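Computed from a predicted structure; not experimentally measured. Residue numbers start from 1 in every chain, and the chains themselves are labelled A, B, ... in the order their sequence lines are given, proteins ahead of strands.
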Number of protein chains: 2
Amino acid sequence: MAHTHDGAHDLTRNQSLVLETLNAQPSPLSAYDILDRLRGAGLRAPLQVYRALDKLVAMGLAHRLESLNAFVACADAQCHRKGLIGFAICENCGRVDEFADEVIETQLGTWADRTGFSIKQTTMEIRGRCALCREAA
Amino acid sequence: MAHTHDGAHDLTRNQSLVLETLNAQPSPLSAYDILDRLRGAGLRAPLQVYRALDKLVAMGLAHRLESLNAFVACADAQCHRKGLIGFAICENCGRVDEFADEVIETQLGTWADRTGFSIKQTTMEIRGRCALCREAA
DNA sequence: ATCTGCTATGTTATGACATTACGGTGTTGC
DNA sequence: GCAACACCGTAATGTCATAACATAGCAGAT
Ligand SMILES: [Zn+2]
Ligand SMILES: [Zn+2]
Ligand SMILES: [Zn+2]
Ligand SMILES: [Zn+2]
């Protein structure tokens, strides 16, 4: 389940605990969800989790989903090399699918060039129902 | 500044107040910002604002920016007819530019078809620096 | 050895965003 | 009248995130 993200970062204790918690869960967790699961390991305050999450996100080992105010482990060892990342969030089962798309990225770049906007970061999150849940229905 | 969105909705008092507040501001406002500006008009509780915002967003007269937990008036009378809407948010001046892009929409549709995902809603928000702020620097 | 700078950590309190629960008012259609 | 519905007002609560301050550990310089 856990993968290494070739950079071979070494994580601190809190960062490792948080990342393991995210890796153990296929669907997003809020910071407070994570905290609750780590009380047994000695964590007590939200900030301990948020600080670890900040680092993990900066390293590309985890992602924040803006439309959920929640976090997932990165599902793709190379994603931080790619540019724009998108997320497809199933509203039925909670599963998140991570994808990259060069066409969209190029298109956004074109739009930015045309309008003079300088892009620092892009959030792309689609909500709906995943293939598995559609079959089940 | 305010525009009508051809549907000619008629709004309730609270809805009108909230929409006017949003229209008076080029940058996004949080629900509590809006509340503060409307205390003089008699509003007292967050829920009064959130209820109005829910309706305005449903009508397409306002949009929620997930990455800011804030709201803007719709800048485009036709946007609710178009499919996907994107937002470019300037981190310097706060201004938000609303855009639609068929190529991106098509590309997402293709991705969805290929993976079997059924899209209900898409969030696309880009952060960066707008042309005006880049000139000024 | 100790001082300094840096990073990570722990703890408390608070700020910011959003919803639940309940009761009331007014309008529409029967 | 009366039921159904949409809106409104208020209080309390829930959820997400950060500020502010204090401490511990470690590496390199003096
Ligand atoms: Zn990733
Ligand atoms: Zn699903
Ligand atoms: Zn719009
Ligand atoms: Zn700007």
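Between the OH atom of B/Tyr50 and the C1' atom of D/dG14 there is a distance of 12 Å, rounded to whole Å. Here the C1' atom of nucleotide C/dC17 and the CD atom of B/Glu66 are 12 Å apart, to the nearest Å. One atom, CG of B/Leu35, and another, P of D/dG9, lie 12 Å apart when rounded to the nearest Å. Remark: P of D/dC16 and CG of B/Leu68 are 18 Å apart, rounded to the nearest angstrom. Per the geometry, CG belonging to B/Asp36 stands 14 Å off P belonging to C/dG15, to the nearest Å. One atom, CG of A/Leu29, and another, P of D/dA17, lie 13 Å apart when rounded to the nearest Å. B/Asp10 places its CG atom 10 Å from the P atom of D/dC7, with the value rounded to the nearest Å. In this structure, CG of A/Leu11 is placed 10 Å from P of C/dT9, rounded to the nearest angstrom.
Not one side-chain nitrogen or oxygen of A/Asn69 sits closer than 4.0 Å to the OP1 or OP2 atom of D/dT15. Taking 4.0 angstrom as the limit, A/Asn14 places a side-chain polar atom (N or O) nearer than this to OP1 or OP2 of C/dG10. Applying the 4.0 Å criterion to OP1 and OP2 of D/dC8, one finds that B/Thr12 has a side-chain N or O inside that range. For D/dA17, the OP1/OP2 oxygens have a side-chain nitrogen or oxygen of A/Arg64 closer than 4.0 Å. An OP1 or OP2 oxygen of D/dC8 is reached within less than 4.0 angstrom by no side-chain nitrogen or oxygen of B/Gln48. Regarding contacts with the backbone of D/dC7, a side-chain N or O of B/Lys55 is found under 4.0 angstrom from either OP1 or OP2. Applying the 4.0 Å criterion to OP1 and OP2 of C/dC17, one finds that B/Ser30 has a side-chain N or O inside that range. Between B/Arg44 and D/dG9 there is no side-chain N or O to OP1 or OP2 distance below 4.0 Å. At D/dT15, none of the side-chain N or O atoms of A/Tyr32 fall inside 4.0 Å of OP1 or OP2 (strictly under the cut-off).
To the nearest 0.5 angstrom, A/Leu22 atom CG is 11.0 Å from A/Leu17 atom CG.
Within the 4.0 angstrom heavy-atom criterion, base atoms lie near A/Leu47. Base engagement by B/Ala45 is indicated by at least one non-hydrogen atom pair under 4.0 Å involving a base atom.
Linking ILVMFWY side-chain heavy atoms closer than 4.5 Å, directly or via other members, places B/Ile89 and A/Met124 in two distinct hydrophobic clusters.
In this structure, A/Glu125 contributes its side chain and A/Ser67 its backbone to a donor-acceptor pair below 3.5 Å. Not one N or O on the side chain of B/Gln107 forms a donor-acceptor pair closer than 3.5 Å with the backbone of A/Val103. Using a distance-only test at 3.5 Å, with no hydrogens or angles considered, a donor-acceptor pair links the side chain of A/Gln48 to the main chain of A/Arg44.
In this structure, A/Phe117 and A/Trp111 have tilted ring planes: the angle between them lies in the 30° to 60° band.
Projected onto DNA chain C by closest heavy-atom contact, B/Ala31 and A/Pro46 fall at different nucleotides, the more 5' of which corresponds to A/Pro46.
Listed candidates were C/dT9, D/dT18, D/dT10. Nearest to the side chain of A/Arg51 is C/dT9.
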